[in-house]
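Following: one structure in structure tokens, then a few remarks.
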Amino acid sequence: MALLAALVLPSAVAQADNPKLVAVVGTNDAFVISLRDANGNAITQLAPGAYDISVSDRSEAHNFHLKGPGLDQSTPIGEKQETTWTVTIGEGRYTYVCDAHSVQMRGYFLAGAIAPVTLTGSVGPKRTISLKPKSALPGPAVVTVNDRSKTDNFHLTGPGVNKKTGLKTRGKATWTVTLVPGVYSYRSDKTKKLRGSFVVSFPA
């Protein structure tokens with residue numbers, strides 16, 4: 001049977017050729033958490049595979065908790081710790097948080113090829129506008145819009161996204177976008193009351 005779960009191995013068996021990542025949390029008890037590569041770049045995308053993560057937990061008030069498909073590894077709250085984890089990252093969405101302050105202290109990255117989420121929007125034929133579902137996961141997304149209005153349009157905006165149909169044209173539009181955690185809005189550029197929003201976030 002294939003081993004699907006990510007592996008967490010003792011630091012003694014870390015491999016010299018594994019890519020190195022650096023996790024830091026709670027420097028001077030600050031509400032700051034980060035995961036970076038060996039060059040200091042923030043991690044947003046990784047290729048699946050084995051990684052050595054140097055974890056520097058510098059505060060008794062915070063911890064570093066990494067979780068995702070098959071992986072759930074954390075330092076303890078209540079003590080400082082310097083350690084190295086050797087992990088295998090599979091395809092999917094990963095988060096790292098401080099468990100005591102998960103709203104303020106969190107980050108995420110994507111690994112491998114992730115199937116896009118699907119969003120369906122519409123505007124018209126009367127004064128109506130909608131987008132389903134009302135929430136989505138970060139990563140690639142395909143947005144299909146059915147514009148059935150001769151006077152209103154469908155305008156989607158949010159972090160890194162600004163897409164719209166025409167005010168005087170009808171038809172279907174398909175957009176491929178990348179969603180990040182945050183709030184996205186959709187509206188008609190002509191009728192101010194035609195508007196809505198949805199949230200992009202990782203599962204708790």
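On a predicted model such as this, the values are computed, not experimentally measured, just so you know.
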List the atom of [X], the atom of [Y], and the distance in Å for their closest heavy-atom pair.
| X | Y | answer |
| --- | --- | --- |
| R58 | K80 | O-CE, 3.5 Å |
| D29 | E60 | OD1-N, 4.4 Å |
| L179 | A141 | CD1-CB, 3.7 Å |
| G90 | A111 | O-CB, 3.2 Å |
| S149 | G124 | CB-CA, 4.0 Å |
| P133 | L119 | CD-CD2, 3.4 Å |

Got [X] and [Y] here, is their nearest side-chain heavy-atom distance under 4.5 Å?
| X | Y | value |
| --- | --- | --- |
| Y51 | P19 | yes |
| L71 | I89 | yes |
| H65 | D72 | yes |
| F109 | L66 | yes |
| L194 | R127 | yes |
| L21 | L35 | yes |
| T176 | P140 | no |
| D37 | I43 | yes |

Quick one: side chains of residues 153-165, donor-acceptor pairs under 3.5 Å with protein atoms, not counting sequence neighbours, listed by atom name and distance.
unit_1: N153; atom_1: OD1; unit_2: D189; atom_2: N; d: 2.8
unit_1: N153; atom_1: ND2; unit_2: T165; atom_2: O; d: 3.0
unit_1: N153; atom_1: ND2; unit_2: D189; atom_2: OD2; d: 2.9
unit_1: H155; atom_1: ND1; unit_2: R187; atom_2: NH2; d: 3.2
unit_1: H155; atom_1: ND1; unit_2: D189; atom_2: OD1; d: 2.8
unit_1: H155; atom_1: ND1; unit_2: D189; atom_2: OD2; d: 3.1
unit_1: H155; atom_1: NE2; unit_2: N162; atom_2: OD1; d: 2.6
unit_1: T165; atom_1: OG1; unit_2: D147; atom_2: OD2; d: 2.7
unit_1: T165; atom_1: OG1; unit_2: F154; atom_2: N; d: 2.9

Verdict with supporting geometry, I129 and R195, side-chain contact (heavy atoms from CB on, under 4.5 Å): CA-CA 7 Å; I129 193 168; R195 61 176 56 247; 5.8 Å; no
From CA spacing to verdict: side-chain contact (heavy atoms from CB on, under 4.5 Å), I53, V22: CA-CA 6 Å; I53 306 177; V22 179; over 6 Å; no
Pair listing, ring-ring contact (aromatic ring centres under 6.0 Å, His included) test, anchored in residues 20-48, at least two apart: F31-H62, F31-H101
Scan side-chain atoms only and decide if [X] and [Y] contain a donor-acceptor pair under the 3.5 Å cut-off.
| X | Y | answer |
| --- | --- | --- |
| Q81 | T75 | no |
| D52 | T86 | yes |
| T144 | T120 | no |

Residues N63, D57; criterion side chain to side chain donor-acceptor pair (under 3.5 Å); working and verdict: CA-CA 6 Å; N63 76 327; D57 182 344; over 6 Å; no
Side-chain ion pair, D152 and K190, N-O less than 4.0 Å: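 Looking at D152 and K190, the cut-off is not met.
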Expected output: side-chain R93 to main-chain P138 donor-acceptor under 3.5 Å: yes
K172, NZ atom: more than 12 neighbouring heavy atoms under 6.0 Å: no
Y96 ring center within less than 6.0 Å of F64 ring center: yes
Residues in side-chain hydrogen bond (donor to acceptor under 3.5 Å, both in side chains) contact with Q45, at least two apart in sequence or another chain: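 So Q45 forms no side-chain hydrogen bond (donor to acceptor under 3.5 Å, both in side chains) with any residue.
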